[in-house]
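Reading through the structure tokens given below for one structure.
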Amino acid sequence: MKLKKIIMEILVLGCFVLLTACGNISTSRTNDTETDELDMGLEERAETAQNIEAQGTVLSAIPNGKVSQTFYLWEDGNMPAITEYTENNGNYFDDPDFRPYVTSYPVTDGVQRKGAVLICAGGAFQFRSDESEGIMIAEELTRLGYQCFVVDYRLRPYTQEEGALDLARAVRFVRKNADAYGINEKNIAVMGFSAGGILAGEMLLNYDGTVNGTSLDESYVPDQLDEVSADAAADGMIYSFYGRLSVASDDVEKFRSADLPPTYFCYGDRDPFVDQFEKCIAALKEAGVRVESHELENTGHGFGPEGNWIPDYDRFLQDIFSEE
């Protein structure tokens, strides 16, 4: 276990040093949030993910919109997968027995409920930055009236497609229980940071609606939740884009045929992927997708809740939800 911890921490530190060298980690995050997350240790965070106390699965859940709850996304033994993962050789964040899950964060008492937002933290599909790109975001949005759900999706060695099915499952759960959460079932948005945004984009491009796990894994047995739509009314791309890791898509025809929802982009002008963001945005606009984009000055990659973009995202979501 000690060797595994050393290897895992080297992986994270290596990624962090590389990103910093490229100038894409904002100074404030490097000094505060990012340092705290690295100090926690990758393996410690992985063990936290492994030792969650879930209140059952989303299929049989009894949701309470006034308290925070955690549910596994898939029934034991019936999770669509094409990756055979049986042993962690020390290179992976999650062990083979990891079960994807969703955690709810209720709207602050006394605040009017506007809708729901499902949040996917980033981490290059190597880990999930749940603290700064999940929990802290949920806390901000719940104060503004959004029922929030942080999705702990599958990482490497699983594929982007398998992780996208995790998010789709979570969207279905929220929509099925819209009354319990006190929201309009149409007012559901997804958002993601860096790799988490890419994952959300994968879901919206290929696994929304009633597309279920059999599209990837023929052995998967659909259940009642698969009859619920995984459509989202809006998407939030925070230093992210539709595409693959580090490479944005500019496939206009794919964007057009996917009937993508209005998408909000926010990124820093010092992010090394600015050209990728702009390429994706231009293609989306050509495809007729409603897009709003904001570039933060003197800001790099990984700013999390900083930069005062959240109130603007709130305004964007209110505009979209008011049209539903």
Practice task
Examine I82 and Y220 and state if one hydrophobic cluster contains both, with Ile, Leu, Val, Met, Phe, Trp and Tyr joined whenever side-chain heavy atoms are less than 4.5 Å apart.
Solution key: yes
Practice task
Decide yes or no on salt bridge (charged side-chain N to carboxylate O under 4.0 Å, His left out) for K279 and D275, but give the supporting numbers first.
Solution key: CA-CA 6 Å; K279 179 178 73 172; D275 61 333; over 6 Å; no
Practice task
Applying salt bridge (charged side-chain N to carboxylate O under 4.0 Å, His left out), run through D312 and R315 and close with a yes or a no.
Solution key: CA-CA 5 Å; D312 194 59; R315 188 265 317 152; 2.9 Å; yes
Exercise for the section: Just do the side chain to side chain contact (heavy atoms under 4.5 Å, CB included) check on V102 and V150 with the steps written out, would you? Expected result: CA-CA 6 Å; V102 60; V150 175; over 6 Å; no
Problem - Closest heavy-atom pair and its distance - F303, G268 - result: CE2-N, 3.8 Å
Problem - side chain to side chain contact (heavy atoms under 4.5 Å, CB included) assessment of E286 paired with D250 - result: CA-CA 10 Å; E286 184 178 345; D250 59 357; over 6 Å; no
Handout entry: Student check: side-chain heavy atoms of L284 and M237 closer than 4.5 Å
Key = no
Handout entry: Check: T57 and Y101 side chains under 4.5 Å, non-hydrogen atoms
Key = no
Problem - Listed partners of S194 passing side chain to side chain donor-acceptor pair (under 3.5 Å), at least two apart - result: H301
Handout entry: Side-chain donor-acceptor contact under 3.5 Å, Y72 with D152
Key = no
Problem - Minimum side-chain heavy-atom gap C148-S104 below 4.5 Å - result: no
Practice task
Would you indicate whether the side-chain heavy atoms of F265 and H294 approach each other to under 4.5 Å?
Solution key: no
Completion exercise
For D235 and A200 the tightest heavy-atom approach is OD1-CB, 4.1 Å
Problem - Hydrophobic cluster membership, F149 vs V107, 4.5 Å side-chain cutoff - result: no
Problem - Side chain to side chain, Y153 and L199, heavy atoms closer than 4.5 Å - result: yes
Practice task
Decide if the gap between the ring center of F273 and the ring center of Y239 is smaller than 6.0 angstrom.
Solution key: no
Completion exercise
All heavy atoms of V151 vs all of A170, minimum pair found to be CG2-CB, 3.9 Å
Handout entry: side chain to side chain contact (heavy atoms under 4.5 Å, CB included) against A287, all qualifying residues, sequence neighbours excluded
Key = V252, F255, R256, V289
Practice task
Indicate yes or no: does E323 engage R290 in a salt bridge with an N to O separation below 4.0 Å.
Solution key: yes
Exercise for the section: Check side chain to side chain contact (heavy atoms under 4.5 Å, CB included) between R244 and all other residues, then give those that pass, not counting sequence neighbours. Expected result: Q160, E161, E202
Exercise for the section: Look at the aromatic rings of F316 and Y264 and report parallel, tilted or perpendicular, splitting at 30° and 60°. Expected result: tilted
Exercise for the section: Not counting sequence neighbours, which residues clear side chain to side chain contact (heavy atoms under 4.5 Å, CB included) with Q318? List them please. Expected result: K114, Y146, D314
Practice task
Give a yes-or-no answer on whether the side chains of T83 and E162 include a donor-acceptor pair shorter than 3.5 Å.
Solution key: yes
Practice task
Report the residues that fulfil side chain to side chain contact (heavy atoms under 4.5 Å, CB included) with A195, sequence neighbours left out, ordered by chain and then residue number.
Solution key: F125, L245
Handout entry: Any side-chain heavy-atom pair of W74 and P80 under 4.5 Å
Key = yes
Exercise for the section: For the residue pair M203 and D208, establish whether any side-chain heavy-atom pair is separated by less than 4.5 Å. Expected result: yes
Practice task
Could you walk me through whether I137 and F193 pass side chain to side chain contact (heavy atoms under 4.5 Å, CB included), step by step?
Solution key: CA-CA 10 Å; I137 305 302; F193 295 73; 3.4 Å; yes
Practice task
Kindly indicate, with the supporting measurements, whether the criterion ring-ring contact (aromatic ring centres under 6.0 Å, His included) is fulfilled by W309 and Y267.
Solution key: CA-CA 10 Å; W309 59 272; Y267 55 89; over 10 Å; no
Handout entry: Closest contact, heavy atoms only, V211 versus S215
Key = CG1-OG, 3.6 Å
Handout entry: Stepwise salt bridge (charged side-chain N to carboxylate O under 4.0 Å, His left out) test for D94 and R154
Key = CA-CA 8 Å; D94 297 319; R154 281 172 282 181; over 6 Å; no
Problem - E295 vs V274 side-chain heavy atoms within contact, under 4.5 Å - result: yes
Exercise for the section: Of all the heavy-atom pairs spanning I183 and N187, show the shortest one and how long it is. Expected result: CD1-O, 4.4 Å
Problem - Of all pairs that satisfy side chain to side chain donor-acceptor pair (under 3.5 Å), the ones with a partner from residues 172-182, not counting sequence neighbours - result: none
Problem - Heavy-atom pair of closest approach, residues V174 and A116 - result: CG1-CB, 3.9 Å
Problem - Check: F98 ring centroid to F93 ring centroid under 6.0 Å - result: no
Exercise for the section: Carefully, step by step, assess L144 and V111 under the rule side chain to side chain contact (heavy atoms under 4.5 Å, CB included). Expected result: CA-CA 7 Å; L144 295 173; V111 178; over 6 Å; no
Practice task
Determine, step by step, whether T103 and T70 satisfy the side-chain hydrogen bond (donor to acceptor under 3.5 Å, both in side chains) criterion, reporting the C-alpha distance in whole Å, the side-chain angles of both residues, the deciding distance to 0.1 Å, and the verdict.
Solution key: CA-CA 4 Å; T103 302; T70 299; 3.1 Å; yes
Problem - Donor-acceptor side-chain pairing of Y242 and D251 below 3.5 angstrom - result: no
Problem - R143 bridged to D109 by N-O distance under 4.0 Å - result: no
